[in-house]
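Nothing here was measured: the structure is a model prediction, and the numbers come from that model. Chain A is the first sequence line, chain B the second, and so forth, proteins listed ahead of strands; every chain is numbered from 1. The analysis underlying the following values was restricted to heavy atoms, covering all of them including side chains, and did not include hydrogens, waters or symmetry mates.
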Amino acid sequence: MSFGFPELAAIRLGFGLSPRMSPPADVRTVLAGPAGAGPDAGAMTTERASDLARLFNEGRRARRDKLPEPPETQEAARQLGILPVEDLRRRVIRALDDPIGFGERLVQFWSDHFTIRAVNKVHNGLAMAFVDEAIRPHVNGRFEDMFFAADTHPMMLIYLDQISSRGPNSPFAKKRPERNFGLNENLAREALELHSLGVDADYDQHDVRELAKLLTGLSFSHNQGFAYRPLWAEPGSETVLGQSYGGRRRGGLDDIRAVFRDISRRPETALHLSRKLAVHFVSDQPSEDLVGSMAAVWRDSGGDLAQVYRVLVSHPDLATELRRKVRQPFDFCVAGLRALGMRGEQIARLDLPVFRRIAWGPVEAMGQPWGRPKGPDGWPEEADAWIASQTLAARINWSLRIPRLLLDELPDPRDMLVSAFGGTQSAELTWAVPKAESAAEGVALILASGDFSRR
Amino acid sequence: MLTLDRRLFLKGASLIGCSAAAHPFMNSMTFAALPGENRLVVIILRGAMDGLDAIQPYGDPMLRKLRSSLSVGPENGALDLDGFFALHPRLETLLPLWRTGELAFAHAVSTPYRDKRSHFDGQDVLEAGTGNDLPVDRRVGGWLNRLLQATPGAIAETAYSVGVEQMKILTGEAAHLSWAPRASLNLSPQAQLLLEHVYHDDPLFREAAQGAVQISAETSDIGKIPGPTADAQALAAFTASRLNAESRIAAFSIPGWDSHANQPPVLGRGLDRLAAAILKLREGLGPNWDRTTVLAMTEFGRTVRENGSGGTDHGTGGALLMAGGAIRGGRAFGDWPGLDEGQLYADRDLMPVRDIRAYAAWAMHGLFGIERDTLERAIFPGLDLGGDPGMLA
């Protein structure tokens, strides 16, 4: 059987083939996708998230003081509680209805690159706002804009403890010597190590500390919103990677934007992120040609992501490295639903408990609890991080149960084999599927196969 | 016709109706050379536990000066151990183990990892067990896996990675099993045979599926434990069940130690989980606890000074907790480096006085009879084991 770029692109760059959609015809079609990955009408905003959080806190205070809890604060608590599941549902729907899928895959990639996590329920809204405000608007833009937006977003400031950081010599800290206010290096460290240069790059503790000083002043609270507070900022200038910033204390945010821009354009950042994109989309060991070509375009374009993606999408490794990658659990569930011909509106109509059984519980059992990565380095990439006995058991169970739960009539497995793989499947799978005892087991065999889990 | 590999077919088929132990092929492997009766559990505490708060050196007068609200000593509820160190109050349930010699610690230990203080690299180095001679991304395979390679008669069942998370400490050439306490699998015999066929040429899927079918058949419904420490207890209960059967080595992790701000509740939750896991292991292992050594290790310690947000930042020297009936507990191992000016690492961290790998190595020497030369060259390449701390009873 033969297959070409459209099948490869749908499987490797998107969420797989669907019996309802044609795969992307060419490179141009794929590259048109990310422009449509911006925030939609249902986007969460920091403002709305803060409204919910304020109401939630009000209710919490009422409960603490043994006062009757107003209905609106109860409703806010309820909404915050189900937001993560509804967030997953929204992401599944967009991924299912996106004809190309590349844009939503990139949203997933960059949201993971800039990992955040709502550690408390009160931040559940903010975690969604992070993706809608910091990631989606910049997915097809310049990296430096995403870097700045992500690392100064309220959710990131909270997650990496930046809101508790004060310049040791700031007017704020000086006035309160007994309170022991000081620097918190967390955001500065991850900004260099994870978000840009990469840990092997040539920077040291001094750079981390200087960047941490430069970042003092970034503040957020649900009551007062995001603000740059000069009184929190360390006075004087800071030298990060040999470059001096600040000194004019009132222009703090501009200095922060400048340092993020300069870091974004460094060759180490170009290489680190080109490699990371190549690892995510192509192979755990991407070729030097692919990584080098992407990094060169990154350097020449100053980190124009659309131009970097073009190298990735049109590189021959896309074809030669087929099935080196394992679909992460979220991608696997979406690909499974796509292969079953599900549409977004069908997912939108499901009762919440049913949706939990279809996606929320399974992605957790497969090793990727939604919105809860264990650390700021996000989810692992290696195939064997996702396929172990217990996580494969969860994939097999999903393949056995979910199609029957969703569809009154299952597809004929022989047809599904064609529509889900477009000729890319192995001879073993082609041999085995028609021998299944029932349509249900044939469908399960397709979804549970290594062919389907790999892309 | 089916063209299944015969060995795979036999193994798979045997697992449909009966337990693995009843299968002749596996039996002969298992009984040919069991790696002894001793057991080793490694718990990775991800996020860098503050050892200075977990085991508080309150006898060092500098502690109070550098930490105004953390590690506040026996006068504020910590539990005195030996007149110098005190146990964090949230580890109170482990105090009886200290008294019966089933709990010990070594302070001021570290891996060779220095200065960048990244959790992920720190954990990679800890689990790889290598020195600084290799770049971080070239460190593949963990030291428990190399222990398996050096243990005659080790089979996949010998070692377990427990939990959904990948444990790099057990990855490598030697086979091991992994399972989460709450997983299960129900396949019809025909579906299982067809799946074996489609996985046959893909070792990653083939081996994972074999493990899934087998373990699912063998383990009951461990993991229905309620309460805030349920996750850690489930991991420990499952670990104990496997160690009571054919396994001798297991590893799991307890995350959540990264106390940059407002440390007391963060550390408190972590310590609750750790204590609950150790007690569950003890309960589940029953008489086998006497032959068990538990090592709870973290990637590095935290800054000696409290930071501006009631927490601590990434440091260097940390603490190793040991538990189990096999250890000579009720004592602190290693020297105390001191917290005075000039005694800290980089003027901020507890100075490491011993490589944490040396303790792990001596434990493996005592438990499994691994030769010093193998430990220094193969399992922890380049490590100088130094003198025997005498941690095993």
Under 4.5 Å heavy-atom distance to chain B, tell me which part of [X] shows up: side chain, backbone, both or neither.
X        : answer
A:Arg401 : side chain
A:Pro168 : neither
A:Leu183 : backbone
A:Leu429 : both
A:Ser426 : neither
A:Gln368 : neither
A:Ala383 : both

Among [options], who wins on heavy-atom pairs under 4.5 Å with chain A?
options                                : answer
B:Glu207, B:His119, B:Gln190, B:Lys168 : B:Gln190
B:Ser69, B:Gly308, B:Gly311            : B:Gly308
B:Val198, B:Asp258, B:Asp201, B:Asp313 : B:Val198
B:Arg117, B:Arg305, B:Arg46            : B:Arg117

Greatest number of heavy atom pairs closer than 4.5 Å to chain B - which of [options]:
options                                : result
A:Ser453, A:Gly367, A:Pro376           : A:Pro376
A:Ile396, A:Leu400, A:Val433, A:Asn186 : A:Asn186
A:Arg189, A:Glu193, A:Glu437           : A:Arg189
A:Asp377, A:Asn180, A:Asp451, A:Asp161 : A:Asp377

Tell me, do [X] and [Y] make a side-chain contact under 4.5 Å, heavy atoms counted?
X        : Y        : answer
B:Asp115 : A:Gln205 : no
A:Asp384 : B:Leu204 : yes
A:Leu445 : B:Leu195 : yes
A:Phe181 : B:Asn307 : no

**OP:** Look at the side chain of A:Glu428 and the backbone N and O of B:His200, then say whether any donor-acceptor pair between them is shorter than 3.5 Å.
**Re:**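 Pair absent, no side-chain N/O of A:Glu428 close to backbone of B:His200.
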
Original post:
Within the side chain of B:Ser178, is there an N or O that forms a donor-acceptor pair under 3.5 Å with the backbone of A:Ala388?
Top reply: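 Not confirmed, B:Ser178 side chain does not pair with A:Ala388 backbone.
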
Subject >> Ionic contact status for A:Arg454 with B:Asp202, cut-off 4.0 Å >> reply: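 Judged by the 4.0 Å cut-off on N to carboxylate O distance, B:Asp202 and A:Arg454 do form a salt bridge.
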
Subject >> Positive for salt bridge (charged side-chain N to carboxylate O under 4.0 Å, His left out) with A:Glu185, one of B:Arg348, B:Lys116, B:Arg302 >> reply: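 Result: among B:Arg348, B:Lys116, B:Arg302, B:Arg348 is the only option passing the salt bridge (charged side-chain N to carboxylate O under 4.0 Å, His left out) with A:Glu185.
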
